[in-house]
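Down below is the structure, laid out as structure tokens.
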Amino acid sequence: MDWLNANNLPWLIPVPPLVSFALIVLFVGRSKLWTSIVAVTSVFLSFIMAWSLFFHTTVTDKFGVTEAGEHIYDLHIFGSDFTWMDLGPTAFKMGVAVDPLTAVMLFMVPLAILMIFIYSVGYMRAYPVGDPHEIRFSRFLAYLSLFGGAMLTLVVADNLLLLFVGWEVMGLCSYLLIGFLIEKKSAYQAAVKAFMTTRVADVLMLVGIGYLFVETGTLNFREIMLNPEVLERLGDANLTGFLGLSAASIIGSFLVIGTVGKSAQFPLHGWLPDAMEGPTPVSAMIHAAAMVSAGVYMVIRMFPLLEAGGNPHHAEYTLPLIIMGVIGSVTALGAAVLGIAQNDIKRVLAYSTISQLGFMVAALGIGAYVAAAFHLITHAFFKALLFMSSGAVIHSMEHGEQHMIAEGKHPPHRVQPGEATPWGNTHLGLHGEAPDDAEWQPVMPDGIQLSFVAVPNDMRLMGGLINRIPVTAFAMLAGAASLAGAPLISAGFWSKDEILADGLLFLTDSSAFEGHAPWLHILVFLSLFFAAILTAFYTTRMWMMTFLGQPRSEMAKHATLKHEHHHGHDHAHDEHGHAHDEHGHVEAHAVVEHHDEHHHEEHAPAQGFDFRAWWSVYSNSFLMQAPLVVLAFFALTAGFVGIHPEFPILEWFTGGHNFFHEFVGKTLLHEPPGLPWSWLPVLASLTAFFVGAGLGYAIYGTPRDADEKDFMNVALGDPVWHALQNRLNLDNVWLRTLYMPFEWFGRVVVYRNIDKELIDEALHGIADAATAIGEAIKRFNRVVIDGVGDGIPYLIWQGGRRFRSIQSGRIQQYLLFSALMLLAVGTFFILQLF
Amino acid sequence: MELTWESLAFLIFSAMTLGGGFAVVTQRNLFHAALFLMLSLFGTAGLFVLLVAPFLAAVQVLVYIGAIAILILFAIMLTRRIMGLETTLNSQWPVALITMVILFVSLLLVLTPLGDNVSGERLNATFTEIDKESEVSDVSFTTVAAIGEAFSTRNGFVLPFEIVSLLLTAALIGAIVVAREDEA
Amino acid sequence: MVPLWMFLMVSAGLFSLGVFGVLSRRNAIAILMSVELMLNAANINLVAFWRYLNPDNIAGQVFAAFVFAVAAGEAAVGLALILAIYRNRQTVIVEDVNLMKW
């Protein structure tokens with residue numbers, strides 16, 4: 001098999017990370033260096049293959065579907081398959097395929113994953129190195145490799161089943177990684193929550209997949225999505241389906257539910273903010289490159305099915321589209337509202353992720369296929385960047401904290417309003433996860449404590465960090481600009497603009513709706529418009545609070561990414577799990593993993609390039625900053641491929657083509673029409689950005705005190721503010737409405753009434769009867785069988801006991817008996833003679 | 001039985017044999033018992049002479065008195081610490097005595113004319129006839145050469161002779177093995 | 001000439017004495033001596049029968065010689081056993097050597 005053939009190459013793309021997973025788990029896990037090399041190399045291989053393939057597709061003539069209806073995909077979609085399961089008349093085929101949508105995913109995913117891997121190597125080395133946690137680092141990279149392999153599998157899959165396999169493996173990996181610090185109750189609770197929440201959605205999604213297979217006999221994307229007859233049959237409620245719904249609507253609804261779980265859409269969004277319990281690279285992985293993207297990718301992939309029987313461009317909405325539009329709008333707006341009230345830097349980003357995913361889902365709900373895909377790509381870049389930057393910020397804050405501890409000061413700890421169980425110690429989880437304290441538990445059931453903010457994550461304690469960590473600050477500025485939609489220069493602007501343009505179709509091209517009321521368009525546009533304003537607002541707030549102004553705490557004053565060593569302070573070492581006790585400090589400097597600016601000048605290798613020295617001393621800052629720079633580039637420029645062709649001034653750049661639109665659009669059977677040019681969406685985007693960012697700057701641009709109440713807190717009042725911080729108590733609502741009734745039913749009805757009284761009583765009765773029978777048999781056994789069995793040996797024993805005195809051991813007695821017996825016999829013979 | 005030198009010698013030897021035997025089984029002092037055993041064996045040797053078996057008589061004296069009895073004496077002396085026990089006979093000796101008497105009477109009844117009177121007819125005619133006739137031929141003195149020939153000719157007793165010699169060898173080795181002190 | 005039955009009577013008496021000794025003496029060496037008496041009684045019988053019944057056949061004397069040999073072996077092994085027992089148990093009283101019992 002010619003593996004370098006573009007048709008076969010997709011098979012190989014997911015392989016290296018999976019191999020890396022096996023290698024790390026089985027062989028090289030003991031060595032941090034080799035684990036890092038294996039993991040990064042594997043992803044790099046995937047990256048090379050994926051990008052080669054991507055650029056190959058861009059120069060392939062008529063790649064994807066050509067002129068409407070004439071799909072000659074065998075030639076212009078790369079892919080191959082084999083018969084996996086023979087089902088009699090048909091055969092189930094496993095295969096891979098690369099169409100334009102997959103191609104752009106192959107551009108984004110491996111790059112993001114590669115950056116995350118490199119960043120992880122630097123970031124996670126701070127994790128404990130001593131036994132028994134030596135293996136932690138390797139385990140992390142192993143999980144991450146599996147995660148990446150699964151995501152790539154999902155991307156190249158040409159059928160829903162293989163996609164679902166990758167989907168589920170990612171669910172597993174997210175569980176493992178969110179609960180990576182399994183010692184912490186909050187971490188494993190978050191892991192279980194993420195796993196169970198997505199599981200609910202996945203089960204329904206599997207139902208949809210099963211239904212689809214029953215209806216069509218295949219799960220292959222091309223055979224369904226590019227086959228007008230199949231789509232038409234599925235979309236016709238008179239031919240298929242029931243309850244007045246077409247099969248496509250039912251299947252599509254189930255699939256959308258899968259996405260709602262996977263991409264953390266309302267009402268299954270609760271797991272995602274908690275997923276912050278995982279180390280920061282996990283957040284980047286889940287929120288940008290893999291997990292949540294997979295959900296959106298899946299609905300984009302299945303879009304032709306979702307719209308079958310309707311046409312959103314003519315305001316003929318099908319059920320799945322309505323679900324997506326409504327849920328996406330609610331999620332985008334709701335999460336953006338929640339985002340403004342968060343003080344935890346990672347949590348702000350978590351809500352922004354939910355919100356941005358809501359943008360994509362809502363966009364897809366109104367048929368903005370290309371815009372959703374576009375935003376998926378740009379979002380992945382800038383969100384990965386933001387998460388990694390926040391990780392660097394947290395990292396630096398922790399160093400400030402250690403600096404304080406080293407100087408004998410107590411780092412601050414805050415008890416959040418409404419937090420019922422105080423935690424009073426200063427022993428912090430590394431990298432700002434919740435404290436490692438077994439006593440700390442969420443308050444059940446009235447206030448699940450969600451507003452907890454770990455100290456290094458707390459933006460109120462930051463400020464002025466731009467002077468401490470400038471590279472990170474500017475990288476994060478690029479990401480924030482993209483997220484907020486800074487005009488022209490950021491990727492987020494262009495993709496968000498396209499979504500808004502799609503939403504505004506009801507104004508710009510109302511004739512297209514042919515008299516139908518474009519209510520979903522209006523809803524989506526309004527929600528997303530306000531969400532965009534809020535996004536710009538909280539993004540500005542986040543960046544300003546973090547980087548500008550004066551340091552609001554000792555920690556912030558001493559925050560740095562440079563890894564200072566605090567001599568003689570074991571606590572600081574313990575924080576990083578270093579056990580240098582056996583080394584003198586002078587020797588220790590040469591072997592420390594956190595390099596020290598001052599010392600690596602002294603201990604720098606004199607000549608030649610010593611990789612191990614570089615690895616152990618110099619690599620950290622490079623490994624953590626290089627990915628930020630790379631991603632910052634893409635976060636700013638990735639949007640330029642999708643500029644509206646008639647955008648004024650930039651015509652020289654676009655050349656009259658919207659590359660992304662034309663490229664991805666060919667994925668569909670009927671290439672979606674280009675949007676008509678209008679100033680309205682641009683105006684909306686600009687308004688959103690400037691209103692939001694301007695407000696943010698006006699409020700948070702001024703220096704403020706750490707204990708000062710947040711302006712929005714004052715403006716909204718305490719109850720609303722706290723409700724926002726606690727996610728509007730939604731989890732509590734779910735607890736009461738979803739969990740508790742079932743728990744009550746299980747505990748009272750099933751356990752007590754049915755299980756204990758009914759079943760247990762019956763079982764006890766049976767058991768008692770069996771015991772009684774057994775007793776009778778036992779008695780019979782004792783008397784009859786044992787009586788006979790024991791009686792015979794008893795008689796023999798008694799006889800033996802009586803007769804044994806004959807056996808005296810005295811030889812003469814024996815002889816006497818013998819003589820008497822001989823005499824008796826002899827006498828008998830003698831008497832015979834007479 | 002007329003009193004001849006021969007019959008006189010028979011009586012003396014018989015008395016030696018039986019008297020010695022009685023002393024062997026009754027004598028308290030084991031050393032004395034051994035000496036009486038030698039007396040008894042000597043009487044037996046005399047009887048052999050009367051029966052015209054001089055070779056056997058010589059062997060009796062040489063082997064029995066000269067070897068076995070001496071061996072017994074050695075054994076007695078090696079175990080002398082328990083010589084002179086309070087009781088010579090065990091607790092069952094009356095029963096043994098009765099048994100002995102019954103056995104003796106039975107043998108007499110079978111082997112001697114005393115049994116004739118029991119049933120009124122001849123129980124063992126052959127023996128009695130021989131006795132009555134008293135005409136046992138004057139047998140020539142059997143020579144040692146004749147016995148040696150019997151031991152070494154094919155028609156004689158070569159095989160039993162060899163077997164007995166093997167038996168003796170085995171007894172010799174066995175006695176050494178059993179009697180020697182353990183190395184340990 | 002002394003009649004055959006008188007020899008047989010002596011032989012019977014000697015044998016009976018030997019039996020009594022074997023059955024009633026406590027000392028193992030005495031028992032061994034009693035056994036020798038019984039063997040002698042047998043020898044007397046053998047030689048007497050040879051002399052009176054079949055003096056031409058040397059077999060009677062030969063058998064007596066065999067008895068000597070067997071008696072010598074018996075005495076040697078028996079005494080060796082007695083010595084071994086004495087060494088182990090400091091006794092030659094057969095009643096004390098009664099391990100072979102229930």
Side-chain angles (χ1 to χ4, degrees), chain B residues 6-7 10 14 17-18 21-22 24-25 30 33 37 40-41 44 47-48 51-53 56 59 63 67-68 71-72 75-76 78-79 82 85 88-90 92-93 96-97 99-100 103-104 107-108 111-113 127 130-131 134 136 139 146-147 150 157 160 164 167-168 171-172 174-175 178-179, chain C residues 1-10 12-21 23-27 29-30 32-34 36-37 40 43-44 47-48 51-53 55 58-59 61-62 64-66 68-77 79-84 86-87 91-93 95:
Chain B
E6 192 185 2
S7 57
F10 173 78
S14 296
T17 304
L18 290 175
F22 182 76
V24 164
V25 297
L30 205 56
L37 175 65
S40 176
L41 295 174
T44 309
L47 290 176
F48 286 164
L51 286 167
V52 203
L56 284 183
V59 171
V63 173
I68 295 177
L71 192 62
I72 287 170
I76 289 165
L78 282 171
T79 61
I82 39 81
L85 295 164
T88 311
L89 303 178
N90 59 22
Q92 69 181 14
W93 73 267
L97 184 62
T99 307
M100 186 201 85
L103 179 67
F104 184 59
L107 288 172
L108 288 186
L111 295 175
T112 68
F127 299 167
I130 292 169
D131 296 343
S134 300
V136 177
V139 68
I147 295 175
F157 299 89
V164 163
L167 177 72
L168 272 176
L172 183 69
V178 171
Chain C
M1 192 173 177
V2 181
L4 174 59
W5 62 267
M6 296 188 76
F7 283 100
L8 296 182
M9 194 169 68
V10 172
L14 195 59
F15 189 82
S16 299
L17 285 169
V19 167
F20 176 73
L23 292 182
S24 58
R25 287 299 293 244
R26 301 179 68 206
N27 194 308
I29 296 172
L32 209 56
M33 291 194 289
S34 302
E36 300 296 342
L37 291 182
N40 265 288
N43 262 3
I44 292 170
V47 178
R51 173 69 182 88
Y52 285 89
L53 298 183
I58 203 71
Q61 286 206 49
V62 169
F66 284 151
F68 286 145
V70 172
E74 175 257 335
V77 175
L79 287 168
L81 285 170
I82 288 165
L83 282 177
Y86 174 73
R87 190 181 302 125
T91 182
V92 289
I93 307 301
E95 287 165 333

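Letters go in sequence order (proteins before strands), and every chain restarts at 1.
- Heavy atoms only, all atoms of each residue included: Ser16(C) and Leu107(B) are closest at OG-CD1, 4.3 Å.
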Inset, instruction - Mind running side-chain contact (heavy atoms from CB on, under 4.5 Å) on Asn40(C) and Thr17(B) for me, showing each step along the way? - result: CA-CA 10 Å; Asn40(C) 265 288; Thr17(B) 304; over 6 Å; no
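- Between chain B and the options Ala12(C), Ala80(C), Ser24(C), the largest number of non-hydrogen pairs under 4.5 Å is found for Ser24(C).
- Residue Ala67(B): no heavy atom, backbone or side chain, is found under 4.5 Å from chain C.
- For chain B, the nearby part of Phe15(C) is the side chain; its heavy atoms alone come within less than 4.5 Å.
- Only the side chain of Val164(B) comes within less than 4.5 Å of a heavy atom in chain C; its backbone stays farther off.
- Taking every heavy atom of both residues into account, Leu56(B) and Gln61(C) meet most closely at CG-OE1, 3.6 Å.
- Counting non-hydrogen atoms of other residues, nucleotides and ligands closer than 6.0 Å to CZ of Phe22(B) gives a total of 12 or fewer.
- Annotation: maximal heavy-atom pairing with chain B below 4.5 Å, among Leu83(C), Val77(C), Val62(C), Leu81(C), occurs at Val62(C).
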Inset, instruction - With side-chain contact (heavy atoms from CB on, under 4.5 Å) as the test, would you mind laying out the steps for Phe20(C) and Leu89(B) before giving the verdict? - result: CA-CA 10 Å; Phe20(C) 176 73; Leu89(B) 303 178; 4.2 Å; yes
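- Top candidate by heavy-atom pairs under 4.5 Å with chain B, chosen from Glu95(C), Arg87(C), Glu74(C), is Arg87(C).
- Of the atoms belonging to Ile44(C), heavy atoms from both backbone and side chain fall under 4.5 Å from chain B.
- Within the 3.5 Å criterion, the main-chain N or O of Ala65(C) finds no donor-acceptor partner in the side chain of Asn43(C).
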Inset, instruction - Test Tyr52(C) against Leu51(B) for side-chain contact (heavy atoms from CB on, under 4.5 Å), laying out the working first. - result: CA-CA 9 Å; Tyr52(C) 285 89; Leu51(B) 286 167; 3.7 Å; yes
Inset, instruction - Assess whether side-chain contact (heavy atoms from CB on, under 4.5 Å) is satisfied between Phe10(B) and Val10(C), documenting all intermediate values. - result: CA-CA 10 Å; Phe10(B) 173 78; Val10(C) 172; 3.9 Å; yes
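- Proximity to chain C is limited to the side chain of Leu168(B), based on heavy atoms less than 4.5 angstrom apart.
- By number of non-hydrogen pairs under 4.5 angstrom with chain B, the leading residue of Ala69(C), Ser34(C), Gly18(C) is Ala69(C).
- In terms of heavy-atom proximity, Gly21(B) sits nearest to Leu17(C) at C-CD1, 3.8 Å.
- Both the backbone and the side chain of Arg25(C) come within contact range of chain B, judged by heavy atoms closer than 4.5 Å.
- Only the side chain of Leu167(B) has a heavy atom closer than 4.5 Å to any heavy atom of chain C.
- For a residue to count as touching a neighbouring chain, one of its non-hydrogen atoms must lie under 4.5 Å from one of that chain's; by this rule Ser40(B) touches chain C with the side chain only.
- Of the two parts of Leu37(B), only the side chain, counted from C-beta on, holds a non-hydrogen atom closer than 4.5 Å to a non-hydrogen atom of chain C.
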